[in-house]
Amino acid sequence: MDERQYEEQHLAQTITLIKNEEKLLKNQQKDLQKSMQSHLKEVTENTINTASEESFYESVVEYRQHEHELTLRYQTAEAKEKRMHTLQTMVNSPYFARIDFKEGQEAAETLYLGIASLRDKYDNTIIIDWRAPIANLYYEGELGQAYYTANRENFTVDLLLKRQFKIQNGQLLSMVDTSEMINDEFLLDILDDTSSPQMKNIVATIQKAQNKIIRDTTSKYMIIEGIAGSGKTSALLQRIAFLLYHHRNWLDINQVLLFSPNHLFSDYISMVLPSLGESEVPTQTFTNFLQKLVPNYAIKNIAQEEAQFLSGQNNPIQKLKNSLVVLEQIKPYIASITNFGPLFRDLKIKGQTYIPKEKIRQWYKETNVTLPLYQRIQLLQTKLLKKIAGLQKDEAKKRWVKEQAAEKIDEIYENNPNLDDSEEKEKQLTKQIKQELVKKKFRPLMRQVNRYRFVNFAKQYLHFLKQLPESILQKNNILAKQWEKSIQTLREQMKNKEMLQEDALLYFSLLQKISPANVEQKVRFIFIDEMQDFPPAQAALLKQLFPRASMTLCGDLNQKVFGNESIVSSLDKLFNKEEITRYQLTTSYRSTKEITAFANQFLSQEDRVQTTARNGKKPLVINASDPKEAVGWLENHLLDTTKQKAQWRTAIIGKTTQECRDLYTLFSKTVKKEIQLITSEDEFMKRAAVIIPAYLAKGLEFDRVYAWHVSENFSANDQLIFYTIATRAMHELNVISFGQKSPLLKNIDPSTYQLKDLNTKN
Ligand SMILES: Nc1ncnc2c1ncn2[C@@H]1O[C@H](COP(=O)(O)OP(=O)(O)OP(=O)(O)O)[C@@H](O)[C@H]1O
């Protein structure tokens, strides 16, 4: 039997094992279902026996037992469900590599690597999880002497074989032996594949530099900088899967926060973790996250709207609020108001003041002056609750309470003629009813105090902004008048229960210093993709809310297109230098050499991509005389090539949403049927061909890209926007221009693209 036959046989045997485990698991799931149903029945039908004290306690204990059993079974069912999902993935492709090695005098061992481990009925390991320490031999070891670390101990082995497999639908398509890194041919084969509407995992071909990022378990704050297509998002997601495995004894998906720039991107990356046998990590935008902390205001995020993207600039006020400067002013501000206290509001019920703010301030001043503001506010709260209890007592003596209580009593005795009507019982009942009546009346007041509504947070925030030192405004080129106007606008917004994201963040931070909200502390890992568009204030808030959490941030300054101040410029201020680990990824895996060489020219010399993995066609620049001619060419090209490359996914990327809309209306009915127009981040990609504005295409990739209308509308300052568009293309890039030439293309080396002038029928 030759090697290939041996591997084919081994594959078939492994698939049988997986299928057997699936069968076994299915039966176990059925049994579990049955027992869960019976426990559920017990829980719902079990009535508490109140005949005697003894029977009462017995039945409570029994009830609790059933409930506990049910919880345990739910957990087991969940674990089985997850394993089932993993097996269903593995049955198509059980493993992607094999390593043979010898440890000391022991016999040589063979291990196959897959997305999860598999054992046979004798408990022999058939497949090991790619995240197991020994699997590192595959990613980093070279044939001969190699090392791996497990439980902080280093092991030396003689690595005898590294074999890679391409297995699809249970069939061995190819296998290749390699000596050092992941075999180039194998990687190229994978990169040559077509794109998919959802991002794929890279488990079989993780590169050395990426592997370091993925398996780093010691860095508290990790910064991954890398060029477009260098696998930052891929490494980040693989890292999440790795950490979930490495810390599997205590870490679960709810302790992980993953931030993504928009919903379209969240959808694009949503299947990576499930394809690795892990549950989907819910991604969220920072706006969503903040909205939960500030539920009383509708938060708007204009910082990432298209206008900002296109202008590449930012309003200086927004920029200042997003930086650390204003956030850092909160502490001294709080110190400055601690003596006098915050701004209070009258406590009212239906417009009638029960406790005036002057009184509240007086009580605040009576609290212990050595304590910080928030603790004095807590003491004040206790005092207010006591005062309300006193008010309730006084209220109970009022005539309306007596009258209403008497009415209620009459009603009760009328409806229950057998009720004990002794004087004592009636007195007791009256007291109870009076208390209830008063309690009901004072409930809104209690609620206000419990929620710290006796502090006027809105006014306090406006006051905080007003008193910001003028020197800060000057430094940031903001005139006092502009600042005042912005506060006026904010006041209006707040009246309408709206706030911009940067205000909501500062507002919440100020609130936290006055009456700290209980934010769950369970988060242990935070991941931020596209950090170039993540302002420093946002990272600072996350760090403050989750001081124990590790953070992984990745991004590319060259794709920094929202003009906001980026987190990258404030890293040293945000984190302790010793706690930061920086990684650089310099190879592009997405685009061909030709596309990368073309796109590189829109970057400064030092930012240029160093290496790319594979070859393709040079980008095509189309010169048309007018939009009609350009659309004609585009339609023909699209229809023609979709026939030849049926699997390809295509994006026509316009600079603005309006241009995309206009282009869509120009298409014929036939083409319209094939193409989806995407104009908002809330849409999902449903078709293989889309028209999409540049700011929404960030982070996504397509086999073929048409950059639409790259003419006078692209100024010399739009280099990074164009760079982002061009680097979305994996295999083919077409640049369509008509009208006046764009200054962008002026200095581009003609040998890096092919030119087609439609006028001259070239
Ligand atoms: N080691 C690898 N093996 C195979 N494919 C890879 C590898 N690393 C990255 N890729 C592929 O390269 C493409 C780009 O990866 P990814 O989107 O993670 O890059 P990125 O750096 O986040 O890009 P961008 O900055 O443009 O958002 C994806 O198709 C990904 O599957």
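We count ligands from 1, going down the list as the structure has it; atoms in each ligand are counted the same way. Keep in mind that the numbers below use all heavy atoms, side chains included, and drop hydrogens, waters and symmetry copies. In this chain, numbering begins with 1 at the start of the sequence shown.
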Please name the pair of heavy atoms, one in Q168 and one in L173, separated by the smallest distance, quoted to 0.1 Å. OE1-CD1, 3.5 Å
How close do S588 and I227 get, counting heavy atoms only, and between which atoms? N-CD1, 3.7 Å
Using a 6.0 Å distance limit plus a 45 degree cone around the ring axis, check whether K212 lies over the aromatic ring of Y583. no
Return yes or no for this condition: an N or O of K232 is under 3.5 Å from an N or O of ligand 1. yes
Measure the distances from the heavy atoms of I227 to every atom of ligand 1 and state whether one is below 4.0 angstrom. yes
For S234, the atoms of ligand 1 under 4.0 Å from one of its heavy atoms are 15 (O), 16 (P), 18 (O), 30 (C)
Tell me which part of E530 gets within contact of ligand 1: side chain, backbone, both or neither, using heavy atoms under 4.0 Å. side chain
Close aromatic pair by centroid cut-off 6.0 Å: H263 and F684: no
Taking the six-membered ring of F242 as reference, does the cationic atom of R239 (NZ for Lys, CZ for Arg) lie under 6.0 Å from its centre and within 45° of its axis? no
Counting from 1, what ligand 1 atoms have a heavy atom of A228 closer than 4.0 Å? 25 (O), 26 (O)
Part of T233 with heavy atoms under 4.0 Å of ligand 1, whether side chain, backbone, both or neither: both
Is K698 close enough to touch ligand 1? Criterion: a residue heavy atom under 4.0 Å from a ligand atom. no
Would you say CD of Q88 has more than 12 non-hydrogen atoms from neighbouring residues, nucleotides or ligands within 6.0 angstrom? yes
Pull out every atom of ligand 1 sitting under 4.0 Å from any heavy atom of E701, numbered as shown with elements. 13 (C), 14 (C), 28 (C), 29 (O)
Would R728 count as a polar contact of ligand 1, with the cut-off being nitrogen or oxygen pairs under 3.5 Å? yes
Going by atom types alone, do E594 and N615 pair a side-chain donor with an acceptor below 3.5 Å? yes
With heavy atoms of G699 as the reference, note each atom of ligand 1 found under 4.0 Å away. 27 (O)
Should G229 be counted as touching ligand 1, given the test is an N or O pair under 3.5 Å? yes
Would M199 count as a contact residue for ligand 1, given that I'm defining contact as a non-hydrogen atom of the residue lying under 4.0 Å from a ligand atom? yes
Those residues at least two apart in sequence (or on a different chain) that pass side chain to side chain contact (heavy atoms under 4.5 Å, CB included) with T283 are L258, S260, S266, I269
Find all atoms of ligand 1 within a distance of less than 4.0 Å from any non-hydrogen atom belonging to Q207, and give their numbers and elements. 1 (N)
As a check for students: among S230, A209, G226, G231, identify the option with a heavy atom nearest to atom 15 (O) of ligand 1. G231
Any residue meeting ring pair (Phe, Tyr, Trp, His ring centres under 6.0 Å) with F259, in chain and number order, not counting sequence neighbours: F286, F289, F534
